[in-house]
Amino acid sequence: MLTLALLGAMGAAVASAPANAGGPSAATPESLFLHVTELAGTRAETPYEPPADVLPDALRGMTYDQYRSIRFRPEFALWRGKAGFEAQFFHPGFLFPHPVTVYTVQKGQSEELAFDPETFRYDAEAEELADAGRSDLGFAGFRLHYPLNTPEYLDEVVVFLGASYFRLVGPGQVYGLSSRGLAVDTALPTGEEFPAFRKFWLFRPEPDADSITILALLDSPSVTGGYRFDVQVGAEVTVAVEKRLFARDDVTKLGIAPLTSMFLFGEAGVRSYDDFRPRVHDSEGLMMQTAAGEWIWRPLTNPLRLRGSSLRDESPRGFGLVQRSRDFSEYLDLEAEYHRRPSQWVTPIDGDWGVGGVELVEIPTSDETNDNIVAYWVSDTPFLAGDRRQYRYRLTLFDDAPPGDAPARVIRTRSGWGAVPGAADPPPRSLRRYIVDFAGGELDALGPEAVLEPTLEAGSGRIEDLHVRRLPDDAGWRATFLLDPADGQVVDLRLMLTLDGRPMTETWNHVWYPDEL
């Protein structure tokens with residue numbers, strides 16, 4: 001009887017909102033998305049108004065431990081027992097001082113969900129904050145649950161929390177990298193702008209549905225936007241994203257389909273870490289498939305200084321951040337379970353992609369709790385005040401193999417001082433020995449008599465001792481070379497293996513910086 005009473009309380013909260021609030025009558029995903037788009041367009045024509053400060057000081061100033069001690073009561077979950085999906089909500093406060101408005105849409109009617117402190121449990125650390133909640137506060141965000149791994153348990157599948165961030169997991173995975181609705185002026189000296197979702201509309205799914213539609217209104221000083229997310233859950237988790245953007249002001253750099261992750265250290269680094277774990281990262285490489293079909297792999301780094309680079313193309317087929325190493329022994333971390341972190345792929349469908357580049361930003365960090373990797377698409381066409389754009393793309397969760405027929409891949413990148421052991425007159429530390437190991441694809445079918453040729457391009461410096469050898473136990477093929485860089489110059493390296501002039505592998509792409517020794 002307690003569960004029924006709690007569900008009734010949630011129903012009363014919904015019913016108290018004005019009918020059809022936040023959208024037209026008889027709302028469908030299409031008609032309501034048009035309404036959200038019109039809201040975004042109207043906002044773009046008016047000066048930006050920051051969200052109102054509605055939180056009491058006690059909630060605004062709560063500690064991390066206090067925030068963790070406030071938990072949504074599962075028995076209050078939206079659609080509990082009535083659909084395959086359930087929605088639970090986050091309390092405002094701590095790092096989330098500006099609540100969002102959430103509407104539920106069912107039978108063509110859009111109704112606002114009212115905040116109710118009774119739907120939250122305030123544990124020991126947060127007991128004193130229980131009286132600070134008010135019925136008009138709003139929520140910090142929400143998460144959707146679905147029986148992802150077993151029919152008996154509803155796992156978290158997606159979380160929308162903070163600015164325009166959202167996180168996804170697939171079967172057998174744990175949370176890792178994040179997506180964002182938009183990136184504005186990332187890594188520019190003027191500072192980054194963080195657009196935020198202000199309103200959400202959740203369409204109630206049918207009882208046996210494995211998909212759900214979410215709409216969102218985005219706002220920032222420079223950009224507004226209407227968003228549609230169609231989340232499909234199953235053996236593979238995908239999200240079809242459509243965004244309609246309006247420029248309120250000129251935007252220097254508009255980042256589309258941003259992915260945010262963490263890389264502290266891994267096999268490709270040259271610095272040592274006092275840590276029992278051999279590697280610590282949520283993602284280990286940026287991968288891209290160009291319009292011409294070339295697959296590019298760029299290992300991530302934790303640089304000494306902020307780094308930005310771009311993989312240039314026109315209308316790419318896809319890109320993503322990948323956690324390629326999936327074996328526990330490669331991480332040895334029972335708590336973080338980095339071997340189960342998701343990889344995520346962006347497949348453009350249509351929109352103003354044009355000429356531009358997949359930009360990679362690598363930020364120095366000494367702490368694995370800091371996201372320091374960002375990747376997104378930037379068009380060469382400026383986004384100026386009064387402009388509007390539309391983008392459609394698909395996000396796909398995977399383990400180590402992205403959508404598409406990728407060729408043999410890089411399985412290992414190592415580098416070190418290129419000196420010969422015991423040499424009486426050793427070379428300078430800037431002389432680098434690289435080894436890049438490839439495996440999979442058509443390489444696995446080659447016999448030891450195959451003659452693979454390395455194709456290596458270097459933007460500067462001199463390449464020596466370039467050759468390819470087969471690895472023991474038929475474990476792949478190794479390309480190795482010496483890089484003698486020109487004094488003080490960055491070196492952009494591109495390497496692939498060919499057979500009779502035909503590419504057999506993805507392209508390994510790495511940038512060497514002279515100050516990283």
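Residue numbers start at 1 and run along the sequence shown.
- Under the 3.5 Å distance criterion, with hydrogens and angles disregarded, a donor-acceptor pair is assigned to the side chains of Glu193 and Ser220.
- When each of Val169, Asp155, Leu154 is checked for a side-chain contact (heavy atoms from CB on, under 4.5 Å) with Asn149, only Asp155 meets the rule.
- No cation-pi contact links Arg204 to Phe85, judged by a cut-off of 6.0 Å to the six-membered ring centre and 45° from its axis.
- Contact between Ala291 and Ser315 at its shortest, heavy atoms only, is CB-O, 3.4 Å.
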Item to complete: Please step through side-chain hydrogen bond (donor to acceptor under 3.5 Å, both in side chains) for the pair Gln390 and Asp350, ending with a clear verdict.
Response: CA-CA 8 Å; Gln390 175 176 300; Asp350 60 27; 4.5 Å; no
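- To the nearest 0.5 Å, atom OG of residue Ser261 and atom CG of residue Asn372 are 8.0 Å apart.
- The environment of Arg394 atom CZ is sparse: at most 12 non-hydrogen atoms of other residues, nucleotides or ligands sit within 6.0 angstrom.
- Residues Leu254 and Arg389 come closest through the heavy atom pair CD2-NH1, 3.9 Å.
- In this structure, Arg312 pairs ionically with Asp380, as a charged nitrogen and a carboxylate oxygen lie closer than 4.0 Å.
- A donor-acceptor contact shorter than 3.5 Å is absent between the side chain of Tyr338 and the backbone of Leu332.
- With 3.5 Å as the limit, one finds a donor-acceptor pair spanning the side chains of Glu362 and Thr301.
- In this structure a side-chain-to-backbone donor-acceptor pair under 3.5 Å is missing from Glu294 to Thr507.
- With Arg341 contributing its side chain and Gln323 its backbone, the two residues share no donor-acceptor pair below 3.5 Å.
- Taking the charged nitrogens against the carboxylate oxygens, Arg326 and Asp400 have no contact shorter than 4.0 Å, which rules out a salt bridge.
- The ring pair (Phe, Tyr, Trp, His ring centres under 6.0 Å) pairs that include a residue from residues 233-261 number zero, where partners must be two or more places apart or lie in different chains.
- The shortest distance between side-chain heavy atoms of Leu245 and Tyr227 falls below 4.5 Å.
- A cation-pi geometry, defined here as NZ or CZ lying under 6.0 Å from the six-membered ring centre and within 45° of its normal, does not hold between Arg409 and Trp508.
- By the 4.0 Å N-to-carboxylate-O rule, Arg388 lies too far from Glu45 to be salt-bridged with it.
- Using modelled atom types and a 3.5 Å distance limit, the side chains of Tyr103 and Glu112 yield no donor-acceptor pair.
- Aromatic rings of Phe197 and Phe200 (six-membered ring for Trp) have centroids within the 6.0 Å cut-off, being under it.
- Atom CG of Asp367 has more than 12 heavy atoms from other residues, nucleotides or ligands within 6.0 Å.
- With salt bridges taken as basic N to acidic carboxylate O contacts below 4.0 Å, one links Arg279 and Glu284.
- The line from CZ of Phe76 to CZ of Phe120 is 10.0 Å long, rounded to the nearest 0.5 Å.
- Rounded to the nearest 0.5 Å, atoms CH2 (Trp297) and OG1 (Thr505) are 13.5 Å apart.
- When only modelled atom types and interatomic distance are considered, Ser179 and Gln344 share a side-chain donor-acceptor pair under 3.5 Å.
- Summarising the geometry of Ala187 relative to Leu306, their closest heavy-atom pair is CB-CD2, 4.1 Å, with the distance given to 0.1 Å.
- The pair Arg43-Glu38 fails the salt-bridge criterion, with no side-chain N (NZ, NE, NH1 or NH2) lying under 4.0 Å from an Asp/Glu carboxylate O.
- Side chains of Thr186 and Glu192: a donor on one and an acceptor on the other come within 3.5 Å.
- With values rounded to the nearest 0.5 angstrom, Leu215 atom CG is found 8.5 Å from Thr37 atom OG1.
- No hydrogens or angles considered: a donor-acceptor pair under 3.5 Å links the side chains of Tyr175 and Glu156.
- Inspection of the His339 and Glu330 side chains reveals no N or O donor paired with an N or O acceptor under 3.5 Å.
- Judged by distance alone, the side chain of Arg167 and the main-chain N or O of Leu161 form no donor-acceptor pair under 3.5 Å.
- No side-chain heavy atom of Val322 sits under 4.5 Å from any side-chain heavy atom of Pro402.
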Practice prompt. Could you walk me through whether Phe115 and Phe89 pass the ring-ring contact (aromatic ring centres under 6.0 Å, His included) test, one step at a time?
Written response: CA-CA 9 Å; Phe115 176 87; Phe89 300 89; 9.8 Å; no
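- Because its NZ or CZ atom is both nearer than 6.0 Å to the ring centre of Phe90 and within 45° of the ring axis, Arg143 counts as a cation-pi partner of that residue.
- Few gaps surround CD on Glu30; more than 12 heavy atoms of other groups in view lie less than 6.0 Å from it.
- Between Asp219 and Arg248, at least one side-chain nitrogen of the basic residue sits less than 4.0 Å from a carboxylate oxygen of the acidic one, meeting the salt-bridge criterion.
- Looking at Glu457 and Arg494, a side-chain N of the basic residue comes within less than 4.0 Å of a carboxylate O on the acidic one, giving a salt bridge.
- Under a 4.0 Å N-O distance rule, the pair Arg502/Glu442 qualifies as a salt bridge.
- A salt bridge links Arg277 to Glu368: one of the charged nitrogens lies within less than 4.0 Å of a carboxylate oxygen.
- Between Leu443 and Met504, some side-chain heavy-atom pair lies under the 4.5 Å cut-off.
- For His91 and Phe139, the distance between ring centers is not under 6.0 angstrom.
- A pairwise comparison of heavy atoms in Lys253 and Val378 identifies CG-CG2, 3.8 Å as the closest pair.
- Asp313 and Thr290 share no donor-acceptor pair across their side chains, judged by distance under 3.5 Å alone.
- Taking every heavy atom of both residues into account, Leu168 and Pro342 meet most closely at O-CG, 3.8 Å.
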